[in-house]
Amino acid sequence: MSILEKIFGDFSEKKAWREMENRAKSLPEDYYNAYKAMQKYLWNTGGVMDWQETKFIFNHIIDLLEEAAANGKHVKEVTGNDVSAFCDNLVIDAKSWVDKHRQKLNDAIK
């Protein structure tokens, strides 16, 4: 690992993040706004914490929104009216910050 990677992190992950965000920006405005809202929800609720999970889930959302836009469907036709439940279901198997802290607490007490 180079000194630059130690300071700034893995550049390939940053590149993948930029590519994913650029892909989202190419969505029609309503779909892009929905993507950003779902992204904000997932960040704020601690739904995802691992880069691989994050990349998988956000790319999956973008895939769904691209398909919806191409087929002329509204966002809620894909997500359902309860968008937060849709997001929660996407990360149901992912480890969250709560899981991490639960494990840390359980490991700390002998």
Side-chain angles (χ1 to χ4, degrees):
M1 179 180 285
S2 73
I3 186 99
L4 292 176
E5 286 180 336
K6 286 182 181 177
I7 295 170
F8 298 110
D10 186 349
F11 290 117
S12 65
E13 291 177 358
K14 293 180 186 321
K15 181 180 178 187
W17 175 259
R18 280 194 304 274
E19 288 172 355
M20 191 170 58
E21 288 298 300
N22 286 335
R23 193 171 149 221
K25 287 178 185 172
S26 69
L27 289 165
E29 185 177 356
D30 289 347
Y31 298 86
Y32 177 70
N33 291 338
Y35 169 74
K36 294 306 282 183
M38 286 188 267
Q39 188 181 59
K40 183 176 180 179
Y41 173 80
L42 289 168
W43 290 136
N44 289 336
T45 58
V48 288
M49 61 180 224
D50 174 75
W51 165 243
Q52 293 302 321
E53 291 172 350
T54 300
K55 187 169 71 171
F56 176 78
I57 290 167
F58 289 156
N59 273 315
H60 182 65
I61 292 171
I62 294 169
D63 289 343
L64 290 173
L65 294 175
E66 285 175 340
E67 187 176 326
N71 293 325
K73 290 183 175 180
H74 296 283
V75 173
K76 286 191 172 179
E77 289 181 78
V78 175
T79 63
N81 286 328
D82 191 346
V83 182
S84 60
F86 171 81
C87 291
D88 292 341
N89 284 330
L90 287 176
V91 298
I92 199 162
D93 292 330
K95 287 213 172 228
S96 69
W97 289 106
V98 172
D99 296 327
K100 180 181 176 182
H101 287 288
R102 281 184 182 140
Q103 186 65 45
K104 193 174 180 179
L105 175 63
N106 289 335
D107 292 345
I109 299 172
K110 304 289 178 196

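Position 1 is the first residue of the sequence, and the numbers go up from there.
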Q: Using the salt bridge (charged side-chain N to carboxylate O under 4.0 Å, His left out) rule, collect all pairs that involve residues 57-66, keeping only residues at least two apart or in two chains.
A: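 Residue pairs with at least one partner in residues 57-66: R23-D63, R23-E66.
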Q: Enumerate the residue pairs fulfilling side-chain hydrogen bond (donor to acceptor under 3.5 Å, both in side chains) with a member in residues 25-35, sequence neighbours excluded, ordered by first and then second residue.
A: E21-Y35, Y35-Q39
Q) Does anything in residues 71-81 pair up under side-chain hydrogen bond (donor to acceptor under 3.5 Å, both in side chains), and if so which pairs, sequence neighbours excluded? A) none
Q. Just wondering, more than 12 heavy atoms not from E13 lying within 6.0 Å of its CD?
A.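 Buried by this count: over 12 neighbours within 6.0 Å.
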Q.
Are the side chains of V83 and M38 in contact, using a 4.5 Å heavy-atom criterion?
A.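 They are in side-chain contact.
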Q: List the steps and the verdict of side chain to side chain contact (heavy atoms under 4.5 Å, CB included) for K55 and W17.
A: CA-CA 8 Å; K55 187 169 71 171; W17 175 259; over 6 Å; no
I need the [X] [atom1] to [Y] [atom2] distance, nearest 0.5 Å.
X: D88; Y: L42; atom1: CG; atom2: CG; value: 8.0 Å
X: I61; Y: M20; atom1: CD1; atom2: CE; value: 9.5 Å
X: N59; Y: E19; atom1: CG; atom2: CD; value: 9.5 Å
X: W51; Y: T54; atom1: CH2; atom2: OG1; value: 7.0 Å
X: F58; Y: W43; atom1: CZ; atom2: CH2; value: 4.5 Å

Q | Residue pair V78, L65: steps toward the side chain to side chain contact (heavy atoms under 4.5 Å, CB included) verdict | A | CA-CA 8 Å; V78 175; L65 294 175; 5.6 Å; no
Q: Kindly determine whether H60 and L90 satisfy side chain to side chain contact (heavy atoms under 4.5 Å, CB included), including the steps that lead there.
A: CA-CA 9 Å; H60 182 65; L90 287 176; 3.5 Å; yes
Q: Check each of D107, N106, L105 against I109 using the side-chain contact (heavy atoms from CB on, under 4.5 Å) test, and report the only one that passes.
A: L105
